[in-house]
Amino acid sequence: MTIAVLLTTYNRRQKTLSCLDNLKQQELTEDVRLRVFLTDDNSADGTSEAVIAAYPETELFHGNGKLFWAGGMRNTWRQAMKHDPDYYLLLNDDTLLHDRAIATLLDMAAHDNSSICIGSTCDDESGELSYGGSKLISPKYWGGEKVFSETDTEEVDFANANIMLVPKAIVKRIGILSDRFTHSLADYDYCLKARKNGFTIKLAPGFLGSCIDDHGNNWKSANTTLKERIQYLKSPKGLAYSEYLWFIKEHFPLSYPSAFVKLWMKTFFPFIWDRYKTHN
């Protein structure tokens, strides 16, 4: 059995090395082979050289510096597909897997190969849940609540791809991350697309790794200029205006009017969020 581990990185040399080192510590049976595919998006900090020196077996590819997360992962995924692995493990390069993380996901997949299997991560600084799976509050409107259980496998509606195991049968049916997205939302879109095609998204019990939640607030404060806020509105690493509205229109069209208004409210009247919101 072969698992293609998919990563992309940009100027995170030490985090990437730590992630790969941690990957080597996985407790797996002898019949499981990990094959690592990584796109370095033109890092200036020597990431590529350090990876090849420490892990020469890594299949390394290079971007132009403009791929961002979704673009880098698509490039990695397309390269891995040429080798027809049994599973694809999407892994963020700042995520450290617990020793039995992959074994846990494989146990889940063995009983149900029609599911995307998700692992939750904790923030080492706070001890709180950082990334994982969520359930929609309403099937017709955009908005969700994070899900976590120490003991039970949960079915969720969408998830972060920090730790995401995808069987090849699902990839053959729905493909990979959509070209519609530059950076964020691609993982949410992929989960929702999978569910529309009859697959399920299952969240493993407990934490399968650690990753600091570094997203911060999803608006620019009133202390910034309007020009800066409009740049953030359109930025792939900001509110990703066009891509976000496409996502809403595609999956939750009833939420489109409110989503449109909220984006511009955050841009023109950020003091509302500064005053009443403490996080995303």
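Keep in mind that what you see is a predicted model, and the values were worked out from it rather than measured. We use all heavy atoms of the structure for the numbers below, so side chains are in, but hydrogens, waters and symmetry mates are not.
Contact record, Gly65 with Asn42: N-CB, 3.6 Å, taken as the closest heavy-atom pair. Ala4 and Ala80 get closest at one heavy-atom pair: CB-CB, 3.9 Å. Between Pro205 and Thr153, the closest heavy-atom pair is CD-OG1, 3.6 Å. For Ile3 against Val32, the heavy-atom pair with the smallest separation is CD1-CG1, 3.9 Å. Closest of all the heavy-atom pairs between Ile137 and Glu145 is CG1-CG, 3.9 Å.
Cluster annotation: Phe268 is connected to Tyr244 through the hydrophobic network of ILVMFWY side chains, with a link wherever side-chain heavy atoms come within less than 4.5 Å. There is no path of hydrophobic side-chain contacts, each under 4.5 Å, that joins Leu38 to Met73. Hydrophobic cluster membership differs between Tyr87 and Leu6, with clusters built from Ile, Leu, Val, Met, Phe, Trp and Tyr side chains linked at under 4.5 angstrom. A continuous path of ILVMFWY side-chain contacts below 4.5 Å connects Val261 to Trp273, so both sit in one hydrophobic cluster. With hydrophobic clusters built from ILVMFWY side chains whose heavy atoms lie under 4.5 angstrom apart, Leu34 does not share a cluster with Tyr88.
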Counting only pairs under 3.5 Å, give me each side-chain donor-acceptor contact of residues 96-110, with atom names and distances, residues two or more places apart or in other chains.
{"residue": "His98", "atom": "ND1", "partner": "Phe207", "partner atom": "O", "Å": "3.0"}
{"residue": "Thr104", "atom": "OG1", "partner": "Arg100", "partner atom": "O", "Å": "2.8"}

Could you list the donor-acceptor pairs under 3.5 angstrom formed by side chains in residues 168-180, with sequence neighbours left out?
{"residue": "Ser178", "atom": "OG", "partner": "Arg180", "partner atom": "N", "Å": "3.0"}
{"residue": "Asp179", "atom": "OD1", "partner": "Arg74", "partner atom": "NE", "Å": "3.0"}
{"residue": "Asp179", "atom": "OD1", "partner": "Arg78", "partner atom": "NH2", "Å": "2.9"}

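Residues satisfying the side chain to side chain contact (heavy atoms under 4.5 Å, CB included) test with Cys211, not counting sequence neighbours, are Asp94, Thr95, Thr121, Ser130, Tyr131, Asn162. For the ring pair (Phe, Tyr, Trp, His ring centres under 6.0 Å) test, no residue two or more places apart in sequence or in another chain qualifies with Tyr55. For Asp189, there are no salt bridge (Lys or Arg N to Asp or Glu O under 4.0 Å) partners, not counting sequence neighbours. Evaluation of the side chain to side chain contact (heavy atoms under 4.5 Å, CB included) rule for Tyr188 yields Trp142, Phe158, Asn160, Leu185, Phe247 as partners, not counting sequence neighbours. Residues satisfying the ring pair (Phe, Tyr, Trp, His ring centres under 6.0 Å) criterion with His83, sequence neighbours excluded, are Phe37. For Asp187, there are no salt bridge (Lys or Arg N to Asp or Glu O under 4.0 Å) partners two or more places apart in sequence or in a different chain. When the side chain to side chain contact (heavy atoms under 4.5 Å, CB included) test is applied to Leu245, the partners found at least two apart in sequence or on another chain are Tyr241, Tyr256, Ala259, Phe260, Leu263.
Rounded to the nearest 0.5 Å, atoms OG (Ser258) and OH (Tyr141) are 8.5 Å apart. Rounded to the nearest 0.5 angstrom, Thr16 OG1 and Asp45 CG are separated by 7.5 Å. Annotation: the span from Ile118 atom CD1 to Ile163 atom CD1 amounts to 9.0 Å, rounded to 0.5 Å. Separating the NZ atom in Lys146 from the OG atom in Ser120 is a distance of 9.5 Å, to the nearest 0.5 Å. Rounded to the nearest 0.5 Å, atoms CD (Glu154) and OG (Ser149) are 5.0 Å apart. Put simply, CZ on Arg229 and CG on Leu239 are 11.5 Å apart, with the number rounded to the nearest 0.5 Å.
Among pairs with a residue in residues 232-250, none fulfils salt bridge (Lys or Arg N to Asp or Glu O under 4.0 Å), at least two apart in sequence or across chains. Residues in residues 63-72 take part in these side-chain hydrogen bond (donor to acceptor under 3.5 Å, both in side chains) pairs, two or more places apart or across chains: Trp69-Asn92.
Contact check for Thr8 versus Trp77: no side-chain heavy atoms found under the 4.5 Å cut-off.
Counting Ile, Leu, Val, Met, Phe, Trp and Tyr side chains that sit under 4.5 Å apart, directly or through other members, Tyr10 stands alone, with no cluster partners.
Thr9 and Thr47 share no donor-acceptor pair across their side chains, judged by distance under 3.5 Å alone.
The pair Asp93-Arg12 meets the salt-bridge criterion, since a charged nitrogen lies less than 4.0 angstrom from a carboxylate oxygen. Using a 4.0 Å cut-off between a side-chain N of Lys or Arg and a carboxylate O of Asp or Glu, Lys24 and Glu57 qualify as a salt bridge.
At distances below 3.5 Å, at least one donor-acceptor pair connects side-chain atoms of Asp123 with backbone N or O atoms of Glu125. Side-chain atoms of Ser221 come within 3.5 Å of backbone N or O of Asn223 as a donor-acceptor pair. A distance-only check finds no donor-acceptor pair linking the side chain of Gln79 to the backbone of Asn75 [under 3.5 Å].
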